[in-house]
Amino acid sequence: ERPLSVQIAPKIKFVYGVPVSELPVRILGDCLRGSVVHTDLPHNPSVRAQAALALAQWQNNKAPSFKDSYDWVGLKLLIQYFNERFCQHASSMMPAKYAKICVKMLNNAQSASTTSRARSSGEYQYLDLFHSNDRETVIENAIEIEQEEDEEYRVRSAVITAIASCRAKDGQSPVLVISILEKILQCQDESVTTNLVSLEESRLIEKKKKRKTVTSQQILDDNAIYSERNLRDEFKDLPYVSSSLIAETLLSLCYVNASPNVIEDPTTGKHIQSKAKHPVIPLMEACQRWLEWDLYKEDIQCEDEVVNMTGIGRNSVIAPNAITGLCSLALLRQVTTDADTDNTDKTEPSNKRKIDRVAEMIQNVTSAQYYIDIFDSTPVRADTTRAAAAQAVTCLCCAADRIPNDRDSIGLLTALEFLLERILEPTTSPALRQTLALLMLDACTGKVCLTQRVAVIGSSNDLVIGGSRLYNGPLGASYGNDSGSSLFMSASKVSLPAANAVNDGARNGMSVLRKSGKPKPNPDRPNAKKPPSEDTIVRVAKFATSLWRTMNGELGGKFNVKDGTPSAVTSAIDGVCAYDGHLRCSLLSLWQCVWPAGNGSSGNGQCLAVQRVQAERVQTEPPEWIKKGADEVMKVGEYNDEKLAAEMEDKANESLRKIINLELDRQQWRGDLAQVLKNSSNGSGSKDPIAVSQGLNQPLDIVEKNEAWKLGSWVTSAAYQRRARNEDGGAVVSATKLRLTMS
């Protein structure tokens with residue numbers, strides 16, 4: 001039941017000098033920042049990370065109408081926390097502390113100078129809570145000294161995500177967001193060492209750990225474990241690379257939405273776009289620098305691996321996020337810039353070199369070949385880097401068809417062909433094959449640019465956090481009050497222009513895949529669309545053939561790795577799906593998504609392009625269709641090897657199919673029970689009028705599968721329909737008002 005709405009007294013405008021309307025955001029700010037001296041944090045990092053996301057939610061709900069406004073209370077609180085915690089100077093970022101020193105004291109050695117926070121922390125106390133003058137004494141009197149993980153870096157990641165997600169009512173990111181992200185990306189290097197303690201304290205701790213009271217009974221045990229303990233302590237003192245700040249910032253670039261300013265033309269008086277530099281150009285330049293730097297480090301490590309042969313792989317974090325953010329910014333700039341203002345002015349000799357460099361950068365990052373070279377580079381890169389490059393290629397290919405024209409929209413088909421070819425490569429790992437198959441599904445369902453699957457999952461060491469961000473967006477499922485994840489799943493042109501362009505192109509590409517092979521429409525019919533060309537039909541049929549053979553465990557006519565000869569099509573089960581059930585299920589789901597059962601005149605999930613090519617090949621001279629590649633399309637006639645193999649497989653699995661059909665019928669019967677109960681309740685003659693009026697013991701109506709349901713927002717769909725029918729308790733609440741009175 002919905003909570004009762006409470007109205008405060010209209011005379012109260014301020015509480016301790018804070019406007020009543022800002023009380024929620026001020027409370028969230030206190031929860032995030034803690035005390036003024038930054039030594040008392042009453043909430044754990046998980047709660048404070050959620051407080052940061054809640055601040056962004058509040059800011060977006062109470063956002064000003066335009067990005068140039070100064071009323072950004074929640075955003076300023078997030079930036080204030082970040083500056084206090086992680087900005088040492090105006091242009092230097094402090095690394096996050098991944099560990100904290102904990103000491104265990106004797107009862108008679110408790111220092112009087114400890115803070116109340118240190119005294120109430122139990123047996124173990126944090127060393128940084130003591131005064132700097134008393135730390136040496138505390139270390140000398142400590143019984144045990146341990147290291148504990150500090151999860152403050154999780155709060156910092158949530159704050160960066162929250163800052164990047166703040167928008168005005170017009171969908172634009174404020175200037176503060178772009179400036180703080182640009183400030184973080186301009187750091188000199190991500191390999192900074194965290195100074196947990198001073199050098200003198202570190203040496204004192206090391207002496208304390210080595211100082212032992214040795215007895216005759218402990219000599220043998222101590223000698224056995226001394227080498228292992230000494231090695232473990234040495235590993236703790238090694239410097240590490242704090243790349244989480246840069247990686248999270250690069251991923252947050254996907255949530256930025258900015259467009260060129262609109263000015264008034266002095267000659268015509270019309271509003272036109274400014275020819276000044278796009279606001280995201282500095283972010284693109286910084287993102288490309290980080291990408292090239294991380295790829296260079298990966299190349300050096302691969303060269304060392306060839307010499308050393310250690311077998312230790314490298315899971316890059318910066319490169320996948322940089323590729324994802326760079327592709328998103330490139331699409332954002334391309335979509336939000338008018339064609340007449342996209343030309344770079346090269347007339348001024350003083351700015352010619354700089355403009356040429358920017359133009360070359362824009363041309364590279366908006367080209368699919370740039371990311372294909374990253375995927376196909378030798379030696380083979382990390383799986384996360386290759387997967388991010390494949391995702392960028394898919395987004396660019398789909399976005400190329402965002403505007404319908406006279407030619408066929410083959411961007412989605414090109415992306416699917418690229419992904420399927422990389423799945424069949426022998427250098428592709430099983431995990432990367434599964435990821436590429438999921439990217440194919442994301443492209444067909446409109447989520448490839450929206451969810452950032454590779455960067456979200458690959459850059460997080462927590463599967464729960466990564467999965468939640470993948471399905472619910474950066475701010476969580478509760479963002480937008482009752483709208484839930486529908487705000488994240490429905491990419492509009494105002495809020496997410498880059499993802500909207502990719503989805504428009506993928507939608508046009510899906511239309512070509514499904515309509516290829518259908519009979520030509522009557523040209524005299526009004527609004528008759530041009531059918532796909534014959535070359536496109538053959539190309540779709542070849543892709544369907546390769547996909548069908550791959551998911552059935554065949555090599556698909558590719559060259560065998562052992563002897564280099566073309567393998568037979570159906571004589572052996574030697575493909576990538578022969579022993580990989582997960583990949584086979586993913587490719588089968590892709591087939592059902594592209595060519596579902598009941599589609600058009602086929603009605604059985606078959607590709608119409610394959611049937612059209614076979615029919616035309618029988619009626620036309622063979623040389624004409626061989627030039628188009630029709631000889632590579634599978635046969636679907638009455639007598640062929642593939643159909644006989646399919647019939648034998650159907651007979652072998654007949655008993656299993658019977659069990660599955662019975663279970664499906666059972667689940668359908670259970671699903672219809674709610675409707676049966678509702679109908680029986682409506683037809684029943686004996687009803688209690690009081691119970692009916694109060695809604696007691698009455699079954700709820702069936703939730704219809706509306707547009708929100710189809711987008712994946714099941715909770716949102718149910719909430720809207722329940723409220724429309726007054727089944728959520730809101731009908732009585734709307735007529736009730738509670739007022740607070742001053743006593």
If every non-hydrogen atom of [X] is compared with every non-hydrogen atom of [Y], which pair is closest and at what distance?
X: Leu441; Y: Ser586; answer: CD1-O, 4.0 Å
X: Ala499; Y: Leu450; answer: CB-CD1, 3.8 Å
X: Leu291; Y: Ala322; answer: CB-CB, 3.8 Å
X: Thr394; Y: Ala443; answer: CG2-CB, 3.6 Å
X: Gln452; Y: Gln391; answer: CA-NE2, 3.4 Å
X: Gly325; Y: Leu253; answer: CA-CB, 4.3 Å

Is any side-chain heavy atom of [X] less than 4.5 Å from a side-chain heavy atom of [Y]?
X: Tyr81; Y: Arg48; answer: yes
X: Leu77; Y: Arg26; answer: yes
X: Gln334; Y: Leu331; answer: yes
X: Leu326; Y: Met284; answer: yes
X: Leu245; Y: Ile160; answer: yes
X: Leu436; Y: Arg386; answer: no
X: Leu590; Y: Cys444; answer: yes
X: Ile323; Y: Val454; answer: no

>> Closer than 4.0 angstrom, basic N to acidic O: yes or no for Glu285 and Arg357?
In response: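 Looking at Glu285 and Arg357, the cut-off is met.
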
> Taking it one step at a time, do Val47 and Gln50 satisfy side-chain contact (heavy atoms from CB on, under 4.5 Å)?
Replying inline: CA-CA 5 Å; Val47 175; Gln50 294 300 321; 5.9 Å; no

Polar side-chain atom of [X] near backbone of [Y] as donor-acceptor pair, under 3.5 Å:
X: Arg453; Y: Val448; result: no
X: Asn321; Y: Leu250; result: no
X: Asp408; Y: Ser533; result: yes
X: Arg469; Y: Gly466; result: no
X: Asn257; Y: Val494; result: yes
X: Asn61; Y: Gln57; result: yes
X: Asp294; Y: Trp290; result: no
X: Gln721; Y: Glu704; result: yes

> Taking everything shown except Lys169 itself, do over 12 heavy atoms lie less than 6.0 Å from its NZ?
Replying inline: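 Atom NZ in Lys169 is packed in, count exceeds 12.
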
> Does atom CD1 of Ile403 have more than 12 heavy-atom neighbours from other groups under 6.0 Å away?
Replying inline: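 Count not over threshold, so no.
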
Find the distance between [atom1] ([X]) and [atom2] ([Y]) and round it off to the nearest 0.5 Å.
X: Ser259; Y: His278; atom1: OG; atom2: NE2; result: 6.0 Å
X: Met510; Y: Asn503; atom1: CE; atom2: CG; result: 12.0 Å
X: Leu439; Y: Gln434; atom1: CG; atom2: CD; result: 10.0 Å
X: Phe82; Y: Ile184; atom1: CZ; atom2: CD1; result: 3.5 Å
X: Leu28; Y: Leu55; atom1: CG; atom2: CG; result: 5.0 Å
X: Leu396; Y: Thr414; atom1: CG; atom2: OG1; result: 12.0 Å

>> Test side-chain contact (heavy atoms from CB on, under 4.5 Å) on Thr324 and Ser328; report intermediate values, then the result.
In response: CA-CA 6 Å; Thr324 305; Ser328 179; 5.7 Å; no

For residues 361-372, which side-chain donor-acceptor pairs fall under 3.5 Å, sequence neighbours excluded?
{"residue": "Asn364", "atom": "ND2", "partner": "Glu360", "partner atom": "O", "Å": "3.1"}
{"residue": "Thr366", "atom": "OG1", "partner": "Ile362", "partner atom": "O", "Å": "2.6"}
{"residue": "Thr366", "atom": "OG1", "partner": "Gln363", "partner atom": "O", "Å": "3.4"}
{"residue": "Ser367", "atom": "OG", "partner": "Gln369", "partner atom": "N", "Å": "3.4"}
{"residue": "Gln369", "atom": "NE2", "partner": "Asp373", "partner atom": "OD1", "Å": "2.8"}
{"residue": "Tyr371", "atom": "OH", "partner": "Val365", "partner atom": "O", "Å": "2.9"}

>> Before you tell me yes or no, could you show the steps for Leu32 and Val159 under side-chain contact (heavy atoms from CB on, under 4.5 Å), namely the whole-Å CA-CA distance, both residues' side-chain angles and the distance that decides it to 0.1 Å?
In response: CA-CA 9 Å; Leu32 173 64; Val159 169; 4.2 Å; yes

> Ile374 and Leu295: side-chain contact (heavy atoms from CB on, under 4.5 Å), yes or no, with the steps?
Replying inline: CA-CA 9 Å; Ile374 296 177; Leu295 293 179; 4.0 Å; yes

> With sequence neighbours excluded, what pairs up with Arg507 under the salt bridge (Lys or Arg N to Asp or Glu O under 4.0 Å) test?
Replying inline: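 For Arg507 the salt bridge (Lys or Arg N to Asp or Glu O under 4.0 Å) partners, ignoring immediate neighbours, are Asp504.
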
>> Asp401: which residues meet the salt bridge (Lys or Arg N to Asp or Glu O under 4.0 Å) condition with it, sequence neighbours left out?
In response: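 Checked Asp401 against salt bridge (Lys or Arg N to Asp or Glu O under 4.0 Å); matches are Arg407.
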
> For Phe418, what residues pass the ring pair (Phe, Tyr, Trp, His ring centres under 6.0 Å) criterion, not counting sequence neighbours?
Replying inline: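 Ring pair (Phe, Tyr, Trp, His ring centres under 6.0 Å) check on Phe418 returns Phe375.
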
Can you give me every donor-acceptor pair (side chain of residues 69-76, partner residue at least two apart or in another chain, under 3.5 Å) with its distance?
{"residue": "Ser69", "atom": "OG", "partner": "Asp71", "partner atom": "N", "Å": "3.3"}
{"residue": "Trp72", "atom": "NE1", "partner": "Ser69", "partner atom": "O", "Å": "2.8"}
{"residue": "Lys76", "atom": "NZ", "partner": "Tyr70", "partner atom": "O", "Å": "3.2"}

> Of all residues at least two apart in sequence or in a different chain, which pass the side chain to side chain donor-acceptor pair (under 3.5 Å) check with Arg167?
Replying inline: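 Result, side chain to side chain donor-acceptor pair (under 3.5 Å) vs Arg167: none returned.
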
